[in-house]
Novice: 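Quick one: structure below, then a few questions.
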Amino acid sequence: MINLTNYSPNQQDAILTNDKHLRIVACAGSGKTTTVAGKVAYLLDPSNGFDVSPENIIAFTYTEKAAAELKNKILNNVGRHRGMANMYIGTIHGWCLKALQENEYEYQSFSVLDEIKLKLFIDKHYDTIGMKEIKKLSNHSVSLRRFIDTSLFVKIMDIIRESDRQELPESISRAKIQYERTLKSKKYFDFSMIMEKAMECMELSSNLSARIKNDIKYLIVDEYQDINPIQERLINKIQEVSQCKLVVVGDDDQNIYQWRGSNNRYIIDFESKFEVSATKSIPLSTNYRSSEGIIKLAETLISNNQRRIPNKEMESGGLQTFTKGQDILYNRYDSVSDENEALANYIDNILGVPFTSDGETRGITFSDISILLRTWNKAETIVEALERHKIPYITAGVNQLFETREIEAALGLFTYLYGDLDRPELENLWLNLPNNKIDPEKLEKALDDLDSKFPKLPEVDTNWEYSLQGILWDFMSLAEIYEDSFIDDTNTDLFQRTKERAEIIFFNLGRFSQVINDFEEINFNSSSPSFHLFSFLSFINYVARDYYPEGWLNNPYTTPNAVQIMTIHQAKGLEFPVVLIPGLNNNYLPSKKRGGLNVWHFLDRQLIEEQSRYEGDPDKEDERRLLYVALTRSQKFLLLSQAPDLNNRLYKVESDYIQELTRAKIGSFPILISDHRQDFSSLTKIDQKAKEKVKNIALDFTTLKDIFECPYRFKLISVFGFRYPLNQRMGVGRSFHNCLMEIHKRGKEGESLSKEEVNEIVDRQTHFPYLTNSTILKPRLWDKVRKNVEEYYEDTKDDFSQIEFVEQDIQYKVDESILVLGRIDLIKKVGSDGKYETTIIEFKSDEESADLPITKDQLKLYALGHRELTGEIADYIMTYVIGENKVKTPEKLYESDLNSIESKIRDAVDLIWSEKFLRTEEKKTCEECFQIRLCSKRVQHDIKVKR
DNA sequence: CCGGGCCGCATTTTT
DNA sequence: TGCGGCCCGG
């Protein structure tokens with residue numbers, strides 16, 4: 001139950017108003033997430049008499065991260081409310097995908113391509129994907145070019161599918177049809193398609209529309225100002241079908257994604273969607289984040305915008321004090337290097353300055369400070385200045401992965417195989433890595449093995465499989481290059497330093513493993529090994545180089561105390577005690593329009609409603625909002641600066657917005673004080689202390705399994721990010737799983753299936769994404785799935801009336817910030833006369849062993865989630881081995897099992913926080929470990945690598 | 001003080 | 001490819 005007195009009057013109003021569509025206009029720092037979480041808790045509380053359960057509420061957020069935050073707050077608010085796993089909190093895309101996969105059998109076997117894989121896919125299928133159909137408006141003989149114009153093609157496809165628009169010209173709609181047909185034929189979605197298909201589905205009287213009509217009572221949309229046309233249509237559709245109440249939350253002044261088609265018109269005009277009496281608008285205009293100086297400054301700036309909700313003004317919640325002439329500064333310098341130097345000095349000086357929040361006064365430390373950028377190319381010289389001052393920092397946008405020596409060495413394996421590198425050169429790349437203990441003899445052995453992997457010509461083998469990932473793994477294993485190879489333990493000082501460096505080396509190699517994986521997921525079935533190698537190297541040189549940023553410091557399981565450098569866009573939703581915004585010149589902020597070949601050379605501007613949104617408005621309101629967002633990130637300290645760039649004539653003149661900021665006043669005192677170079681040296685410094693950050697982590701069973709069995713394996717996979725080599729057989733497990741899911745769902749509805757229907761299901765759900773065209777494996781794998789599914793159906797069809805849940809999502813909250821997620825394959829319930837027995841069932845394909853204790857742990861974990869869902873403790877747990885059609889006898893489940901698995905999870909979580917990822921001592925676990933090639937235990941236990 | 005023409009330079013990113 | 005800056009000529 002929530003305590004309303006913790007909320008402001010307007011927040012209370014937002015929580016209590018539940019009979020109307022609601023627009024919450026929430027300014028920066030107004031406690032919007034807290035209010036939404038409170039609202040959900042209030043609705044769910046049975047004592048308020050709303051008759052609302054978790055599955056009746058959907059909450060859309062803009063990112064997964066925001067979803068995790070909201071989910072966590074809600075769960076902390078509702079306490080032990082049952083069935084919270086059934087409430088959808090996540091992105092619109094995530095909801096659409098789930099909706100399609102749960103309700104439309106056709107899409108169960110589909111997967112989603114992210115941006116990089118989509119581009120690889122488009123280039124691979126250039127001939128059939130419709131790219132050739134798109135002609136230049138000014139010259140119809142020029143069409144989009146393979147590789148070069150791929151990004152442009154993606155943008156065009158996105159705009160025509162996500163905007164509101166006129167009828168398309170023939171050539172473009174032909175391209176759209178070919179594009180989607182090709183994706184579909186390989187069972188792929190792209191991001192737009194998920195929403196498009198969900199929309200189509202809801203327009204028909206499908207399973208999905210019935211579900212929505214039945215379930216949904218409240219639809220909450222966070223960051224509503226950043227919604228684009230197709231998302232707006234989707235939201236309207238869900239509302240229309242379900243007749244639910246809409247709750248939209250956002251700030252028209254913080255709309256910064258217009259170049260992706262988002263439009264703050266939707267939040268401004270929200271009330272015109274419904275009858276006047278059916279909606280209510282509640283402003284949350286008290287900012288509890290920032291000092292009055294920050295608030296007035298930002299407010300003065302944004303008041304220059306026309307396109308915003310009228311008569312609204314942000315006011316101070318008084319949580320931070322404002323010291324004139326100290327907190328907020330604007331300094332000008334003669335050159336960018338002076339400016340950067342001053343910025344680094346400012347950071348040095350502000351460390352230890354007292355800062356109060358949440359009733360605690362502490363000294364400012366590195367992680368309290370953020371440097372906000374309009375564009376990434378500004379970062380380079382700033383980073384150099386910070387390095388000179390030995391200031392630790394985190395960046396997400398500097399593309400230097402391929403410049404690191406470890407990646408040069410790893411990439412060398414493939415340039416060597418391609419013939420562009422000598423063996424001694426390759427050898428040196430590895431032997432010259434810092435502090436390595438690589439044994440030259442072992443290296444020779446690994447190189448000899450590598451020699452056996454030159455693509456052979458002529459290529460006549462009909463059943464080849466050429467795994468680049470496998471080549472990397474075999475090489476590292478044979479040369480015995482492990483993380484420890486880079487750790488020097490001759491003295492403690494060296495040990496610590498080299499240990500940290502070794503982690504970065506392995507993290508980067510893990511990234512490289514992901515690069516290979518991205519490429520191979522799309523291209524595993526190339527036409528020949530030599531072509532596979534060739535296209536991989538082209539991909540590296542033309543695409544990957546400026547796509548994969550470094551990121552050891554950004555990984556979710558580390559928490560460094562460092563200055564954060566990021567773009568203003570990335571800073572959305574965040575707050576910092578100290579914000580630095582350097583480089584305030586025209587053409588930077590506001591930025592200049594980009595020239596060059598663009599979408600509008602191929603797409604007629606007239607076709608797209610509000611087309612100018614995509615190009616930026618002439619009044620620079622978009623850019624003003626961006627600066628507004630940047631300013632409002634600061635709780636107290638703000639340093640703006642400017643200097644003419646001596647090397648670039650675009651960035652010489654001070655930003656026009658500075659004039660607007662100069663007009664900001666409290667009483668008659670100007671807030672922005674120019675060239676008053678406060679250095680904090682007169683202030684008494686206190687102990688630096690980082691703010692305790694709540695990191696929300698969601699663990700699934702696969703991840704937990706790694707920690708249970710071998711914490712080092714967790715490090716290799718979840719921290720470093722190594723991806724396992726692909727092979728042609730992949731897909732058997734998922735195919736089985738999808739077949740059984742459809743059979744169970746239809747069986748549960750009472751449908752009895754003929755042999756033909758079972759066969760149709762097998763055809764629909766079976767998919768082997770990496771099979772080579774010429775392979776002899778294809779019929780074998782298909783027959784295996786078909787035979788086992790048929791047998792399974794014959795064996796169990798009589799029991800289908802006992803099915804209670806199919807593919808049931810579960811979640812279990814371990815503590816304030818950790819959530820365990822999972823999905824139970826099948827739950828059966830048998831009995832009569834009020835006496836029932838429940839069994840939780842997990843399916844394993846034949847390669848896995850159902851008897852392992854780890855599988856029992858998995859089932860116990862599911863039982864924990866099942867209890868959260870129903871309030872009951874299941875009676876039995878059971879596995880079913882598909883390949884052998886063997887039912888394991890159900891095992892009795894006791895309450896003590898739940899307690900033991902719970903404490904096991906807690907131990908695992910402690911282990912993550914302590915970052916002690918030790919290798920297991922169990923030889924048996926090592927022998928069965930898929931990652932043993934990357935682990936030094938292989939040598940210790942003398943385990944032969946399966947090849 | 002203006003316009004013509006040449007020259008240097010070139011976003012933001014989540015799903 | 002096209003923008004904004006800048007130089008130059010009228």
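Sequence lines set the chain letters: A, B, ... in the order given, protein chains first and strands last, and positions in each chain run from 1.
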Novice: For A:T91, answer base if it contacts any base atom (sugar-phosphate contacts may also be present), sugar-phosphate if it contacts only those atoms, and nothing otherwise; contact means non-hydrogen atoms under 4.0 Å.
Specialist: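 If one applies the 4.0 Å heavy-atom cut-off, A:T91 turns out to touch the sugar-phosphate alone, with no base involved.
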
Novice: Have a look at A:D114 and say if it touches a base, only the backbone sugar-phosphate, or nothing, with a 4.0 Å heavy-atom cut-off.
Specialist: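 No contact.
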
Novice: Ring pair (Phe, Tyr, Trp, His ring centres under 6.0 Å) with A:F576: which residues, sequence neighbours excluded?
Specialist: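 With sequence neighbours excluded, A:F576 shows a ring pair (Phe, Tyr, Trp, His ring centres under 6.0 Å) to no residue whatsoever.
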
Novice: Would you mind classifying the nucleic acid contact of A:E64 as base, sugar-phosphate or nothing, using non-hydrogen atoms under 4.0 angstrom?
Specialist: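 Sugar-phosphate contact only.
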
Novice: Going 5' to 3' along DNA chain B, which are the first and last nucleotides with any atom under 4.0 Å from a heavy atom of chain A?
Specialist: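 So the outermost contacting nucleotides come out as B:dC7 to B:dT15.
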
Novice: Can you name the residues that form a ring pair (Phe, Tyr, Trp, His ring centres under 6.0 Å) with A:Y266, not counting sequence neighbours?
Specialist: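 A:Y266 satisfies ring pair (Phe, Tyr, Trp, His ring centres under 6.0 Å) with no other residue.
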
Novice: Report the residues that fulfil side-chain contact (heavy atoms from CB on, under 4.5 Å) with A:H569, sequence neighbours left out, ordered by chain and then residue number.
Specialist: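 Checked A:H569 against side-chain contact (heavy atoms from CB on, under 4.5 Å); matches are A:I256, A:Y257, A:W259, A:R374, A:T567, A:L626.
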
Novice: Using atom CZ of A:R649 as one end and atom C1' of C:dG4 as the other, report the distance to the nearest whole Å.
Specialist: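 My rounded result for the distance is 8 Å.
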
Novice: For A:D158, which residues count as a salt bridge (charged side-chain N to carboxylate O under 4.0 Å, His left out) partner, sequence neighbours excluded?
Specialist: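 A:D158 satisfies salt bridge (charged side-chain N to carboxylate O under 4.0 Å, His left out) with A:R161 only.
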
Novice: Looking at residues at least two apart in the chain, or sitting in another chain, which of them share a side-chain contact (heavy atoms from CB on, under 4.5 Å) with A:Q306?
Specialist: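 Once residues adjacent in sequence are excluded, the partners of A:Q306 under the side-chain contact (heavy atoms from CB on, under 4.5 Å) criterion are A:E621.
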
Novice: Give A:N377 one of three labels, base, sugar-phosphate or nothing, depending on what nucleic acid heavy atoms sit under 4.0 Å from its own.
Specialist: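 Counting heavy atoms under 4.0 Å across all strands, the contact made by A:N377 is with sugar-phosphate only.
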
Novice: What contact category does A:D645 fall into here, base, sugar-phosphate, or nothing, at under 4.0 angstrom with non-hydrogen atoms?
Specialist: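 It contacts nothing in the nucleic acid.
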
Novice: Looking at every strand, decide which applies to A:K136 at a 4.0 Å heavy-atom threshold: base, sugar-phosphate, or nothing.
Specialist: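 Sugar-phosphate only.
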
Novice: Mind checking A:N587 for me? I need base, sugar-phosphate or nothing, with any heavy atom below 4.0 Å counting as a touch.
Specialist: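 If one applies the 4.0 Å heavy-atom cut-off, A:N587 turns out to touch the sugar-phosphate alone, with no base involved.
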
Novice: Counting distance only, does the side-chain N/O of A:E339 pair as donor-acceptor with the main-chain N or O of A:P582 below 3.5 Å?
Specialist: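 Flag not set: sc A:E339 to bb A:P582 has no pair under 3.5 Å.
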
Novice: Using the P atom in both, what is the distance from B:dT11 to C:dG5, to the nearest Å?
Specialist: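 Here B:dT11 and C:dG5 have their P atoms 16 Å from each other.
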
